[in-house]
Protein chains: 2
Amino acid sequence: MTLHQINPNVSVDCAIFSFDQGALEVLLIERHAGNSEIKDDLMALPGNLIYEDETLDEAANRVLSELTGLTNIFLEQVYTFGNPNRISKQKDLDWLRAIRASPEARVITVAYTSLVKKENFKIQPSSFAKKAVWVKVKDVPHLAFDHNEILDKALDYLKHKIYLEPLGYELLPDKFTLAQLQKLYEAILEDSFDKRNFRRKILRTEFIVKLDEKQQGVAHKPAGLYRFDKSRFHKI
Amino acid sequence: MTLHQINPNVSVDCAIFSFDQGALEVLLIERHAGNSEIKDDLMALPGNLIYEDETLDEAANRVLSELTGLTNIFLEQVYTFGNPNRISKQKDLDWLRAIRASPEARVITVAYTSLVKKENFKIQPSSFAKKAVWVKVKDVPHLAFDHNEILDKALDYLKHKIYLEPLGYELLPDKFTLAQLQKLYEAILEDSFDKRNFRRKILRTEFIVKLDEKQQGVAHKPAGLYRFDKSRFHKI
DNA sequence: TGGTGTTCGTGTATAAAATACACTAAGTTT
DNA sequence: AAACTTAGTGTATTTTATACACGAACACCA
């Protein structure tokens, strides 16, 4: 393991989304300050300072991996937050004093986001993350630093992105029903749609192909299963 | 004049666009290193290190003002560039050694963009900008640092943004013809449109209102003049 | 002053996409 | 076998996109 020099002025934060039971979720960590006595009940987006010898994208991947165990995630940059007062809550200051070499440094943070199928990843918190948990976006509490603002920006980014490409590929299981897909769109866009029109529109893309298979074990008419065919994708 | 502490790790760069004679232009500076003997023929986007006590938005405004004289510009953040090797050309290294206290520092830069009517601003270069000039985007040469990449990203941002709001308001004179507006769209989107369809579509917005006035002094049928009515604007 | 050159301004037909709306079908449970 | 629950489908209407050609208005020049 090589030693890396830390850049005390620049961090990355990751807003990782997943979709479960019709609701959008985001990955948060409960931070803790090593062996110190800091009692800190704030949750946060996984994030940390960058190394001098890595790109921002690399930093985002490394930090996410170190704090949650998630690796090989395709992360996209969302926005950079640089208000000098973005670290001003007493709890945040106390926590930084406990864990950082330059706790008073002014830190600019670059926000990244990604979408994952949570069942494909085992969450393994390490470093200063006491644990990492999936939290429904609707239930996200008051977070550390300016992380609520960062989360909002990442959600805006998502809403925008779903117009450009079908995001379900990243968020749904390999086989899914059109009702699941519709719920995903409704969750991200915070809207609701007519079932017939949604199905017509989504099937027009030819990106979603029907399988010769049905849902099992549901107490009603089973829905047909579909899958994404990436090869048929072309920008909308 | 108060003294400000400089953050050696974070800079801002501004891609300021204007529109003239049917072509999109960008504001570039010819940098020079004070009294030093550095011969440097690279042009660059206006940009510099931030102060510790200002937000990124404030830094972008200050830097733009210091280097070009443009003030009170509404700047929007585009993207953040943080490749550790983004400063690797010999000319860039030489130039930084001549002007910076920590010329070897790894610098992350936050790109900003804006649109201006160039006739409303007098360009007054100062600081290390030898001069500031409008250059047609099609004619932009090889730039300092990774500024060509930054410019490309800003142009992408523009293309995207014109779908969300009618940008002509920022770029055209108060009174303009529909042909001018069409050329603006064509320049930004690098496409061309049917005149009748373009007019129908743009007038459907009710954001653009016809004046009881015509073009003067043209050697052909004079075009009617229009203006933007911001109050009628609603997101598309 | 009449002709030439140039850009302006307009309408219609067709195709594609968006929207609104309600009932039968296929399973499971009791 | 009846009740329950979600799946799956079609049509009519409006809106938007696209393709396409010619007379009108002005300046300029001979």
Side-chain angles (χ1 to χ4, degrees), chain A residues 20-23 159 162-166 168 172-173 175-227 232-236, chain B residues 19-23 159 162-166 168 172-173 175-187 189-227 234-236:
Chain A
D20 194 24
Q21 324 243 39
K159 276 185 205 181
I162 204 171
Y163 279 112
L164 305 178
E165 31 184 316
L172 292 178
K175 299 173 183 181
F176 55 89
T177 70
L178 293 185
Q180 283 176 291
L181 185 61
Q182 182 171 350
K183 277 197 175 145
L184 171 62
Y185 272 76
E186 291 178 339
I188 290 178
L189 294 172
E190 298 180 279
D191 201 349
S192 66
F193 308 108
D194 175 82
K195 183 169 44 159
R196 280 170 290 193
N197 294 339
F198 178 81
R199 293 166 80 96
R200 183 176 21 241
K201 190 168 166 178
I202 213 77
L203 292 175
R204 203 160 43 211
T205 66
E206 307 196 341
F207 179 74
I208 285 153
V209 303
K210 183 163 181 140
L211 299 172
D212 193 17
E213 230 175 308
K214 295 192 174 200
Q215 249 182 340
Q216 303 260 329
V218 286
H220 54 77
K221 176 172 175 180
L225 293 174
Y226 292 75
R227 66 177 176 78
R232 295 188 179 210
F233 173 63
H234 48 95
K235 287 267 173 192
I236 302 167
Chain B
F19 186 70
D20 195 25
Q21 322 242 40
K159 276 185 206 180
I162 204 168
Y163 279 112
L164 305 178
E165 32 184 315
L172 291 178
K175 299 172 182 181
F176 55 89
T177 69
L178 293 186
Q180 283 177 290
L181 185 62
Q182 182 171 350
K183 276 196 175 149
L184 171 61
Y185 272 76
E186 291 177 341
L189 294 172
E190 298 180 280
D191 201 350
S192 66
F193 308 107
D194 175 80
K195 182 167 47 158
R196 280 169 293 192
N197 294 339
F198 178 81
R199 294 165 81 95
R200 181 173 28 236
K201 190 168 167 179
I202 212 76
L203 293 175
R204 204 161 40 210
T205 67
E206 307 195 340
F207 179 75
I208 284 153
V209 303
K210 183 164 181 140
L211 299 171
D212 192 17
E213 231 176 310
K214 295 188 172 204
Q215 247 183 342
Q216 303 259 328
V218 284
H220 53 77
K221 175 173 174 180
L225 293 174
Y226 292 76
R227 67 177 175 78
H234 48 97
K235 287 267 172 190
I236 301 165

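Note on naming: letters A, B, ... go to the chains in the order of the sequence lines (proteins, then strands), and numbering restarts at 1 for each one. On a predicted model such as this, the values are computed, not experimentally measured, just so you know.
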A.B. asks: Could you tell me how far apart B:Asp194 (CG) and C:dT7 (P) are, to the nearest whole angstrom?
C.D. replies: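 Taking CG of B:Asp194 and P of C:dT7, I get 17 Å after rounding.
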A.B. asks: Pick the nucleotide of DNA chain C nearest each of A:Arg200 and A:His220; which residue has the one closer to the 5' end?
C.D. replies: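 Result of the comparison: A:Arg200.
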A.B. asks: For the pair made of CD in A:Glu206 and C1' in C:dA17, what is the distance, rounded to whole Å?
C.D. replies: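 For the pair A:Glu206 CD and C:dA17 C1', the rounded distance is 15 Å.
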A.B. asks: Hey, does A:Arg204 reach any base, or is it just sugar-phosphate, or nothing, if we go heavy atoms under 4.0 Å?
C.D. replies: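 Sugar-phosphate, backbone atoms only, no base.
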A.B. asks: Rounded to whole angstroms, how far apart are NZ on A:Lys195 and P on D:dT6?
C.D. replies: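 To the nearest whole Å, that distance equals 10 Å.
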A.B. asks: Starting at the 5' end of DNA chain C and moving along, which residue's nearest nucleotide shows up first, A:Lys214 or A:Arg196?
C.D. replies: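 Nearest nucleotide further toward 5': that of A:Arg196.
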A.B. asks: C:dA25, D:dA19, D:dA25: which one has an atom nearest the side-chain heavy atoms of A:Lys221?
C.D. replies: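 The answer is C:dA25.
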A.B. asks: Look at the side chain of B:Gln215 and the backbone N and O of B:Ala223, then say whether any donor-acceptor pair between them is shorter than 3.5 Å.
C.D. replies: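 Answer holds: yes.
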A.B. asks: Between A:Tyr185 and A:Phe193 (judged by ring centroids, cut-off 6.0 Å), do the two rings come close enough to count as a pair?
C.D. replies: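 Centroid distance A:Tyr185-A:Phe193: not below 6.0 Å, so no.
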A.B. asks: Grab the CZ-C1' distance between B:Phe198 and C:dT7 for me, whole Å please.
C.D. replies: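 In whole Å, C:dT7 C1' lies 16 Å from B:Phe198 CZ.
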A.B. asks: Measure from the side chain of B:Ala223, starting at C-beta and using heavy atoms only, and say which of D:dA27, D:dA7, C:dC8 lies closest.
C.D. replies: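 Nucleotide nearest to B:Ala223's side chain: C:dC8.
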A.B. asks: Return the nearest nucleotide to the side chain of B:Asn197; candidates are D:dA19, C:dT29, D:dG10.
C.D. replies: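 The nucleotide sitting nearest to the side chain is D:dA19.
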A.B. asks: Would you indicate what A:Gly217 reaches in the nucleic acid, counting non-hydrogen atoms under 4.0 angstrom: base, sugar-phosphate, or nothing?
C.D. replies: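 It contacts nothing in the nucleic acid.
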A.B. asks: CD of A:Gln216 versus P of D:dA7: gap in Å, rounded?
C.D. replies: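 That distance rounds to 15 Å.
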